[in-house]
**Q** 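Submitted below is the structure of interest, expressed as structure tokens.
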Amino acid sequence: MSISTEVARRRTFAIISHPDAGKTTLTEKLLLFAGAIHIAGSVKSRKASRYATSDWMEIEKQRGISVASSVMQMEYRDCVINLLDTPGHRDFSEDTYRVLTAVDAALMVIDAANGIEPQTLRLLQVCRAQNTPVITFINKMDREVREPTDLVDEIERTLGMPVVPCTWPVGMGKQFKGVFDLRNDRMRVFTAGEDRIGAEDEIISGINNPEIAARYGDTFAHALQEIELVQGVSPEYDRDVFLAGKQTPLFFGSAINNFGVQEVLDAVVDFASPPRPHQALQRKVEPVEPKFSGVVFKIQANMDPGHRDRVAFIRVCSGRFERSMRLKNCRTEKFFRPSSVVSFLSQRREQVEDAYAGDIIGIPNHGVLQLGDTLTEGEDLQFTGLPFFAPELFQTVEVADPLRSKQLRTGLAQLGEEGAIQVFKPVAGSLLLLGAVGQLQFEVVAHRLKHEYGCEARMAPARYVAARWVTCDNERELQRFIDANAHRVAHDAVGAPAFLAANAIEIDVAQEQWPKIRFHALREHAGLIFHSNAVS
């Protein structure tokens, strides 16, 4: 097939939500319905032998949370779907933000009992900033939850985005009878507890079918009133408006019961766009261009603990990738030929012979590739938009057993490159500093240092509460600033200098005293493209 034909088959999207909305469960069920797995792991039953396919880290299995993004590729209806399951917990939002730069659409999962929650809103704002189209799935309709019309109203008010209902629930909780598919004018009858794909769900056609009214009486009559109401005030689905991120198709269901999942999977194929153009500093790169280009949006250490490997996750932005092709790392300007390239079903991997724009591939390497690296066949490009946020929490770290110092340095270097934590080396002082957005990051790093690198780390709170990367047009002036503030400056994993402050006032004072120095709360990848959102 031609590159344009293959690109047209691709759909690449991320699943986002607040913690416990059912995101990882829905991921499992999408894999199940697409035939990628034959039995879904239970996300909640951590004492059981099965775990969610996308939760592969030991700490994820123990706690029942996702702390790292997972990539899964599957085929459905002649489309190649690249699905990325993201952490819902705020403490790991940086990983999620980076994943959102690598997808063409997002599937937002909302808990029907809780509605829009803080992390949902944060992630939606990231999607809106990037004009990423969003499909919405309201989950857990088999429980006693809020009225569907209230949820629709809240989504529209909170997100400032019109909703286009594509399915509508018939009842809820104990009275949940199914969902009515408004696109295909039929009702899918609810059956609880379906863990496997077995007998087909019962389908009843026609919204005016007397059989539905007779079987479900007042419950269906109430749903019919709501359908007439929302259809009267909701806009028609408009593909261009949706792809611009300005309306969201809406679906209802119960992921734990495999219910309403089929409609969502079909919507991803029908609504989500094939790969979109990617903006580089030099130019806009079209996905159907003949030459390969890609960007590293994620590094994961120790996916295979037996090999101490690091895998660079690459979003193919244009053209066709072929195994052993000669690639240029535009950051280092060096060429290499990756012989081992993989596709993913979470931790499981398969060797890749070729891949096309929209696909996610993995290149195992030993520190050669970093977050944000652009790979091409020779052209100098730098893709933009991969964020690193200034940490808000800091701890010093040292090894409990001095004989394990090498393991600590290796572990922190790899976890820092991965983006799991930010590692700072102070200009003055010997103790390394860890910077995080949330406390749980420290706990995960301590766990991984112990179990993946064999070293017990001692951590203690540091006195800093903020960090700002510093730049200056004059290199000599920047060095003067670093020398004068050596006790408050540290270099991060890629050598970028950051000013560490014990309170916000120290940043204000430093800005007044050093007007030529720019202070940044955000930097982009190893290319050190700093945003101008300096703290005032």
**Q** If the threshold is 4.0 Å, N to carboxylate O, is there a salt bridge linking Asp270 and Arg183?
**A**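 Arg183 and Asp270: salt-bridged.
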
**Q** Minimum heavy-atom separation for Glu286 and Ser318, please, with both atom names.
**A** O-CB, 3.3 Å

**Q** Determine whether Phe13 and Leu83 make a side-chain contact, defined as any pair of heavy atoms from C-beta on separated by less than 4.5 Å.
**A**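 Of all side-chain heavy-atom pairs linking Leu83 with Phe13, at least one is under 4.5 Å.
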
**Q** Quick one: sort the Phe252 and Trp168 rings into parallel, tilted or perpendicular, breaks at 30° and 60°.
**A**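 Judged by the thresholds at 30° and 60°, the geometry between Phe252 and Trp168 is perpendicular.
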
**Q** Does the Thr25 side chain pair with the main chain of Ala255, one donor and one acceptor, at a distance under 3.5 Å?
**A** no

**Q** For Arg283, enumerate each residue passing the salt bridge (Lys or Arg N to Asp or Glu O under 4.0 Å) test, keeping only those at least two apart in sequence or located in another chain.
**A**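 Checked Arg283 against salt bridge (Lys or Arg N to Asp or Glu O under 4.0 Å); matches are Glu289, Glu379.
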
**Q** So Phe259 and Phe190, would you call those rings parallel, tilted or perpendicular, with 30° and 60° as cut-offs?
**A** perpendicular

**Q** Between His447 and Glu443, do the side chains contain a donor N or O and an acceptor N or O under 3.5 Å apart?
**A** no

**Q** Answer yes or no: is there a donor N or O on one side and an acceptor on the other, between the side chain of Lys177 and the main chain of Gly171, under 3.5 Å?
**A**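 Pair absent, no side-chain N/O of Lys177 close to backbone of Gly171.
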
**Q** Working to the nearest 0.5 angstrom, can you tell me the gap between Ile116 CD1 and Asp111 CG?
**A** 11.0 Å

**Q** Look up atom CE in Met108 and atom CG in Asn139, then write down how far apart they are to the nearest 0.5 Å.
**A** 12.5 Å

**Q** Enter the distance from Arg323:CZ to Glu353:CD here, rounded to the nearest 0.5 Å.
**A** 5.0 Å

**Q** Pick from Arg11, Arg315, Arg10: which one makes a salt bridge (Lys or Arg N to Asp or Glu O under 4.0 Å) with Asp104?
**A**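 The passing option is Arg315.
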
**Q** Taking 4.0 angstrom as the limit, do Asp266 and Arg77 come out as a salt bridge?
**A**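 Salt bridge present between Asp266 and Arg77.
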
**Q** Taking atom types as modelled, is there a side-chain donor on Asp359 or Gln73 under 3.5 Å from an acceptor on the other?
**A**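 Note: Asp359 and Gln73 side chains meet the donor-acceptor criterion.
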
**Q** Parallel, tilted or perpendicular for Tyr237 and Phe242, by the 30°/60° rule?
**A** tilted

